[in-house]
Structure formats: C-alpha cells, structure tokens
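As structure tokens, the structure follows; a few thoughts come after it.
We count ligands from 1, going down the list as the structure has it; atoms in each ligand are counted the same way.
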Amino acid sequence: MTSRSSELVARAQKRIPGGVNSPVRAFRNVGGELFFVARGEGARIWDVDGNEYIDYVGSWGAAILGHAPKVVVEAVRDAAIRGLSFGIPNPLEVEMAELICEWMPSIDKVRMVNSGTEATMSCIRLARAFTGRDKIIKFDGCYHGHADPLLVKTGSGALTHGRPSSAGVPRAFADLTISLPFNNADLVRKTFQKNKNGIAAVILEAIPANAGLYFPRENFLSALREECTTNGALLIFDEVITGFRVARGGAQEIYGVKPDLTALGKIIGGGLPVGAFGGRAEIMDQLSPDGPVYQAGTLSGNPLALAAGLTQLRELARINGWKLLEEIGAQFEEFAQAAIKDATLNITFHRLGSLFCLFFAEGPIVDLAGAQRSDLKMFARFFQGCLKRGIYFAPSQFETGFISTAHTPEDIERTGAAMREALGEL
Ligand SMILES: *Cc1c(COP(=O)(O)O)cnc(C)c1O
C-alpha cells in the first residue's frame, strides 16, 4: 500500500532537488522515508496520512508558542485583510524595531530582512565596510545561513550531509574566512596577532545549536569581546536561534556580553519568513541611504510577517514564556536523564531552557570535534524508534531540539516513555 507521503516523495524527487527545499528536512542520514506534513496545532503535527507526532522541531525554533497559536493566526488574518505587501513603510516596522531595541539593549538600530541568512550576510558586509578590513573569524560547526563568506566548516544540514564547506564558493572568498575550534580563546588571540589589522569581525553563535548543542566555557565570550575591542574588530552574535528564546534578551543577556552587531531570525517571524540585524548606531548608520553600504529587500518589513512576529513575542512576554519554557525543559530533562541512566549507554544530554540535545557520545562536548565523536548509526536507530512511537525529533544528530510553550506535562511524559523504549532497543 502506498501512503500519500510516499507518493508525494516520489513526485518531489522528480521536481525538487533531493525532494526538499532545505537539506535539513531530508532523512538521508537516519534512513526511512520522510513524511509530508498536513497540519499542526500546539505541540502536535499530523502527516498527510493522518499519523500524529509530538513535534520537537517546531519549524526549527520559530514555533515557540507551538503550531498555529490562535493569537498569531488572528493577527496574520487581520493584517492580510489590510493588504499583503506595499513596499511603503508601515507602522509595524517601527513597533518591531522598538521592541527589538528594548529587549536587546546592545541594539540601537535595526533593519528587518527576510531570513537569518540575509541577516548574517548583511552583518558581515557592514563589518567589512565599517572596519575597512576583509577577513572574518568564525567557529567550526557554527551555522550562519548559506551566504558565501559563512559556508566554511559550517554546521546544520551542510554538516549532516558531510559537506561542511560548500562547493561553489570561490576559493578567494573562503580564504577570507578563518574558522577556529569553538571555546579556544588562545587560538583567537593568536589569529588576531597573525592578522594584524586584517580581521573585520568575529561571528559566532554564542550558544552553538547547529552541531548539536554545546555551551561557551566560562570567560570564552568575554575573551572574544576583549580581543575584538583591543584589535578594532566587531563582535557579531548570531542569535537567530537563541534571540528571544533562551531569555528575553537572548544569549547576550544570559552571559552579560555585549556584541557590536546581532543577527536575529526564526522566532521573530512567528513562523513567517523574517530576519533582522542590528547593533550600535554608528555602525548601522553606514547602511544606505545614510551610508555607503547597500542592503535592501522588496518584502523586508512585510506587514504579515511583522504582525506574526510581534504578536508572538508579545504573547511570549505576556505569559512569561521564558519561565514556562524553563519549567517544561526541566521536566523534559528529568525524563531524559532517567531514561539515559537506565539505558547504560554513552550519551551526553545537554539542555538550556527549551533547547536540548542528546549526543550519542561521551562528554564533555564543548566543540564540533566533540560532537563528531557521536555514534551516528545509533542516533539514526534512536530517531526511528522515537518516530514510530509518535515523537518527531530533528532527523540529524547535529541539530538541536526545540520545546514550545504548547508542550504539556503529558506530552513530555509520553516523550520520556518513548525515549526510554527507543533507547532500550539500541
Ligand atoms: C537558521 C539559522 C540561520 C539561517 O537562517 P535562515 O532563516 O534559515 O536563513 C542563521 N544562523 C543560525 C544560528 C541559524 O540557526
């Protein structure tokens, strides 16, 4: 019997490269066939064959209130009736800019874009123009979208599919990007010494969440801040995942380090395509039309996208979502740790608030090399074991799990039981 999903997979394979519009959605490394989603509500999704799953991908973090939250859907509907797009400034752009600057005090001015990729790409261009330098430092396993300067030893789908540095990026571009192991401040210092007056910026995920999930060592971020300031380079935090999720003010609030520029995305669009980048006024003022750095977008600041994003962020604040996410996350951790303990396998569990990752490797894991020690075959079997029990985790060891405010204690308990059984089968 062919399922509707397999029928769609066959058609998609013919007309869409790899059958997917973003490689992270493919099931290549976990085996089995991917499914097509029909709808979602709260923490649950249903595929086109009617199977139900508790979802821990949540549109890669965008769905922090769960799927189709009523307030957000209504805000989009209301906005849509008034017009889908104008290419003329609309009031929501001012409201969003004010909210972002209030919640992230390192940001004086902000531009809206349509994706996280556009946000980081624009940060790099701006940093190069502001400093008059060409080279950038990034970190192995940190993913910053798919713009040329950042596709060097990257994480996420590129890592999952075994090509962390992309074909098609000219050698001359890649040579301007220096990728270093995360959590090694000494190497950053040495790299600055070797490239005197050559480094425009250091860009990183302050909490790397695209090669699994691991954390900055104590003082790593403040060491980066100091090196950048001393050497006249800009510090760029890519908070496309962490911004407004790990705390109201993102990772920069938790660690108390102030970047010069910040890239945002995912949850600020409430499920619609949005990104943003912002920072110190004197840097942002380099942008056209005030300054010489060109950056633009036909749909940037789109009223539907901003209605969705603003409503989602305000709702998160109204219900004190961060406290709630920590509570649900703590409950998840309790179940996960108990299941792991009984399974007597080499597993490292990481969590921060609503972000989590199970590495099939012994800890400590503090960088990409550590994450890559994971047993990928074992992860694949675990993934399938959970999937057949109605739990949808990201189909890769090198992704992070996302909990939403819609995950109920019962959902978490069911997930814990499924994880226990799936681990028991390994
Ligand atoms: C998802 C992601 C991006 C890219 O955002 P897109 O909207 O997919 O272009 C950039 N940085 C980080 C940290 C991300 O997780």
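For atom 2 (C) of ligand 1, the nearest protein heavy atom (residue, atom name, distance) is Lys266 NZ, 2.6 Å. From the protein, the heavy atom lying nearest to atom 8 (O) of ligand 1 is Thr117 OG1, 4.5 Å. Gly116 N, 2.8 Å is the protein heavy atom nearest to atom 7 (O) of ligand 1. Atom 11 (N) of ligand 1 has its closest protein heavy atom at Asp238 OD2, 2.6 Å.
Between the side chains of Thr242 and Glu239, a donor-acceptor pair is found at a separation under 3.5 Å. Judged purely by distance below 3.5 Å, without hydrogens or angles, the side chains of Glu399 and Ser156 pair a donor atom with an acceptor atom.
For Glu52 and Arg39, the salt-bridge test fails: no basic side-chain N is under 4.0 Å from an acidic carboxylate O. A salt bridge links Glu315 to Arg318: at least one charged side-chain nitrogen sits closer than 4.0 Å to a carboxylate oxygen.
Taking the ring centroids of Phe237 and Tyr255, they lie at or beyond the 6.0 Å cut-off.
If you look at Glu205 next to ligand 1, the close heavy atoms, those under 4.0 Å, all belong to the side chain.
Within the listing of ligand 1, atoms 3 (C), 4 (C), 10 (C) sit less than 4.0 angstrom from a heavy atom of Gly145. Shown in contact with Ile241 at under 4.0 Å from a heavy atom are these atoms of ligand 1, numbered in order with element: 15 (O). Interface of Ser115 with ligand 1, defined as ligand atoms under 4.0 Å from a residue heavy atom, comprises 7 (O), 9 (O). For ligand 1, the atoms lying closer than 4.0 Å to a non-hydrogen atom of Asn210 are 12 (C), 13 (C), 14 (C), 15 (O).
Other residues, nucleotides and ligands contribute over 12 non-hydrogen atoms within 6.0 Å of the CD atom of Glu327.
Using a 4.5 Å cut-off on side-chain heavy atoms (C-beta onward), Arg111 and Ser300 make no contact.
The option with the heavy atom closest to atom 3 (C) of ligand 1, from among Thr242, Val240, Leu264, is Val240.
The shortest heavy-atom distance from Trp60 to ligand 1 is not under 4.0 Å. In this structure, Glu239 falls outside the shell of residues with a heavy atom less than 4.0 angstrom from ligand 1.
Contact between Ser404 and Gly66 at its shortest, heavy atoms only, is CB-N, 3.5 Å.
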